[in-house]
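First up is the structure itself, then whatever we jot down about it.
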Amino acid sequence: SENMADALLERAAWTPVDAGEHKVFRSSGNPDVFFWARSDSMLGQDNVDQEFADVTGQACPRDVVFLSRHASKEGRAALTVHPIGNPGA
């Protein structure tokens, strides 16, 4: 969600990364942390870590966190966590 992305970018110091047409930022406080703003759906995509490495020229990330807007059934604020991949696969 753009609101979450904007909030994250406003709450920390970020340096733009030269990644062509892609919106990629590096944390000014921790050079191992990147933020890659994407508008396409991540559902069904594979090898996002390698794609990131190809786009930025950086090593494949060890950890990846996706910001994704969700709504709880009850309409309350919720934080959901989903592992990458399929457990046991």
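When a residue number appears, it is its place in the shown sequence, counting from 1. Worth saying up front: this structure is predicted, and the values here are computed from it rather than measured.
- Crowding of D18 atom CG: a count of heavy atoms from other residues, nucleotides or ligands under 6.0 Å not exceeding 12.
- Taking CD of E51 as the reference point, atom OG1 of T56 lies at 10.5 Å (rounded to 0.5 Å).
- By the 30° and 60° cut-offs, the orientation of the rings of F35 relative to W14 is tilted.
- Note: W36 and H22 have perpendicular aromatic rings, judged against thresholds of 30 and 60 degrees for the angle between ring planes.
- Contact record, A53 with A59: CB-C, 4.1 Å, taken as the closest heavy-atom pair.
- Heavy-atom contacts from other residues, nucleotides or ligands closer than 6.0 Å to CD of E74 number more than 12.
- For the pair F52 and P61, the minimum side-chain heavy-atom distance is below 4.5 Å.
- No donor-acceptor pair under 3.5 Å is formed between the side chain of R26 and the backbone N or O of T15.
- Note that CG of D54 and CG of D49 are 9.5 Å apart. Values are rounded to the nearest 0.5 Å.
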